[in-house]
Undergrad: 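First the structure, then my questions, so here it is.
Any value given below was found using the heavy atoms of this structure, including those in side chains, with hydrogens, waters and symmetry copies removed. Source: prediction; values computed, not measured.
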Amino acid sequence: MMKFSSITFLLLLAINAFAQKVPVPTQQQLEWQKLETTAFIHFTVNTYTGKEWGDGTESPSIFNPTNFDANKMIKVLKETGFKMAIITAKHHDGFCLWPTAYTEHSVKNSPWKGGKGDVVKEIVEACKAQGIKFGFYLSPWDRNHPSYGTADYNTYYKNQLTELLTNYGEVAEVWFDGAKGENAKHMNYDFDSYWSLVRKLQPKAVMFSDVGPDVRWVGNEKGIAGETMWSTIDIKPENAPGKMDAKYLNVGDPKGKVWLTAETDVSIRPGWFYHEEEDSKVRTPQNLVDLYYTSVGRNSLLLLNIPPNKKGVFAETDINNLYEFRSILDETFKNNLAKGDIPNTLTDQNLGSFNTISKGKTHYLNLKKAASFDRISLQENIANGQNCTKGNIEYWDGKSWKVLAEFTTIGYKRLLKTKLVKASKLRLNILEAERPVQLAEVGFYKASTRE
């Protein structure tokens, strides 16, 4: 999926990180991960052709979402817990969802709203109205523009990037997909200048690619982050952009010098774009909950794609499943059974307040009275780095200490599914760690019966 050739920017990042004793996230990276769940909106001519990758020959006349309703879609996202929406402003087919001045292959030559429409603008306005963040995806691979494959294309791409970065207000994330077909023209993308442009025009935005500069790919499109997941990686010759091993991306590196948290991207449907024949294959609410555990619950961020249909709205099945997904999570995590019992520093939802636990040490988490639970949440103060390598949680069964759950990394958040137990005496053991662990949050929960 992700293919990049430029490494200069990331090498500079590595040099800067190397100078630090402990790699830590920037404020933008930290705030980004706290979003936990964000949404992709894949929408283009592919919605009407049934393709996943358009070939660039599609006529703008086929794009006509007669009932397009950005407010309705973003309202659904807001109400189901998504904190940002990322629209595919241009996919590989080169068709632009905004009236760009640099190509005729755009909505301005479609029948939708008589060529006066702007999908990007309406998504932006809906995000502002609903109070969620906005991001966009701009495919470097362009199968329509005649300059693709030449140095002139980099100028074209940056012109479009500038339009999106300057005409639509604050941008929270810019997504650089490096996908390219096997028989595609050779093209040297000038990613250094792309990223510099974003830094100049939208300094608060985070940027995604396979390896940064702010966020890395999780290594698959299945919604599954590694059971062990480090936010740090290293930039080595064998792990340069375009050569990075997906398995390495899926785990990270405890000795890594660059802080690049993994983003777990996955679609609610088998494809990234809406296809009517997939209406019976939408992920169930329970499967979406599982994805939350294997992404957010493994020190990653869940980027879930929900594609609009040909009318320009989310399909009803997708909507219903999203609401049920969020309802299940809300029911499970509404009541932290540890709150009021263990130190407030561990239940105040503030990563900046924490208890420090050294390698080989035990931290007791005793409740005032026995409670039944089968879900555990742990969080580190990642503002000062990620440190836990291995640990476990034990409970007292009245006769002896029993291991309830084992884990490797914690990072921003680790969610553990356990057997149902009733206990009041618990303890957390840090068995291995890179440095003393700053334990910031602990939660004990009883899972919804609908999981």
Undergrad: Using the ring of each side chain (for Trp, its six-membered ring), is F191 parallel, tilted or perpendicular to Y189, with breaks at 30° and 60°?
TA: perpendicular
Undergrad: Is the number of heavy atoms from other residues, nucleotides or ligands under 6.0 Å of K51 NZ greater than 12?
TA: yes
Undergrad: Are E227 and R414 within salt-bridge range, i.e. N to O under 4.0 Å?
TA: yes
Undergrad: In this structure, is the centre-to-centre distance between the rings of W98 and Y168 below 6.0 Å?
TA: no
Undergrad: Using salt bridge (charged side-chain N to carboxylate O under 4.0 Å, His left out) as the criterion, point out the one residue from K255, K390, K21 that pairs with E434.
TA: K255
Undergrad: Quick check: H145 with Y102 (ring centres under 6.0 Å apart)?
TA: no
Undergrad: Do E31 and K133 sit within salt-bridge range, that is, some charged N less than 4.0 Å from a carboxylate O?
TA: no
Undergrad: Within this structure, what is the CG-SG distance for the pair N71 and C127, rounded to the nearest 0.5 Å?
TA: 9.5 Å
Undergrad: Quick one: sort the W53 and H92 rings into parallel, tilted or perpendicular, breaks at 30° and 60°.
TA: perpendicular
Undergrad: Apply the test salt bridge (Lys or Arg N to Asp or Glu O under 4.0 Å) to residues E125 and K128: give CA-CA distance (whole Å), side-chain angles for both, the deciding distance (0.1 Å), then the verdict.
TA: CA-CA 5 Å; E125 291 177 346; K128 288 180 180 177; over 6 Å; no
Undergrad: Quick check: are there more than 12 heavy atoms from other residues, nucleotides or ligands sitting under 6.0 Å from CD of E277?
TA: yes
Undergrad: Please name the residue in the list Y274, W272, W175 that meets the ring pair (Phe, Tyr, Trp, His ring centres under 6.0 Å) test with H42.
TA: W272
Undergrad: Side chain of E380, backbone of V437: donor and acceptor closer than 3.5 Å?
TA: no
Undergrad: Quick one, K417 with D290, criterion salt bridge (Lys or Arg N to Asp or Glu O under 4.0 Å). Give me CA distance, side-chain angles, the key distance, then yes/no.
TA: CA-CA 11 Å; K417 294 182 178 181; D290 287 341; 3.1 Å; yes
Undergrad: Checking W141 against M187 for the side-chain contact (heavy atoms from CB on, under 4.5 Å) test, could you report, in this order, the C-alpha distance in whole Å, the side-chain angles of both residues, the deciding distance, and whether it holds?
TA: CA-CA 9 Å; W141 186 27; M187 177 69 213; over 6 Å; no
Undergrad: Rounded to the nearest 0.5 Å, how far apart are CG of L415 and CG of N299?
TA: 11.0 Å
Undergrad: With sequence neighbours excluded, tell me which residues meet ring-ring contact (aromatic ring centres under 6.0 Å, His included) with Y293.
TA: none
Undergrad: Roughly how far apart are D234 CG and L260 CG, rounded to 0.5 Å?
TA: 10.5 Å
Undergrad: Indicate yes or no: does D279 engage R269 in a salt bridge with an N to O separation below 4.0 Å.
TA: yes
Undergrad: Going from OG on S300 to CG on L291, what distance comes out if it is rounded to the nearest 0.5 angstrom?
TA: 11.0 Å
Undergrad: Would you say the rings of F63 and F43 are close, in the sense that their centroids are separated by under 6.0 Å?
TA: yes
Undergrad: Start with the C-alpha distance between W230 and Q386, add both sets of side-chain angles, then the distance that settles side-chain hydrogen bond (donor to acceptor under 3.5 Å, both in side chains), and finish with yes or no.
TA: CA-CA 7 Å; W230 291 96; Q386 183 183 354; over 6 Å; no
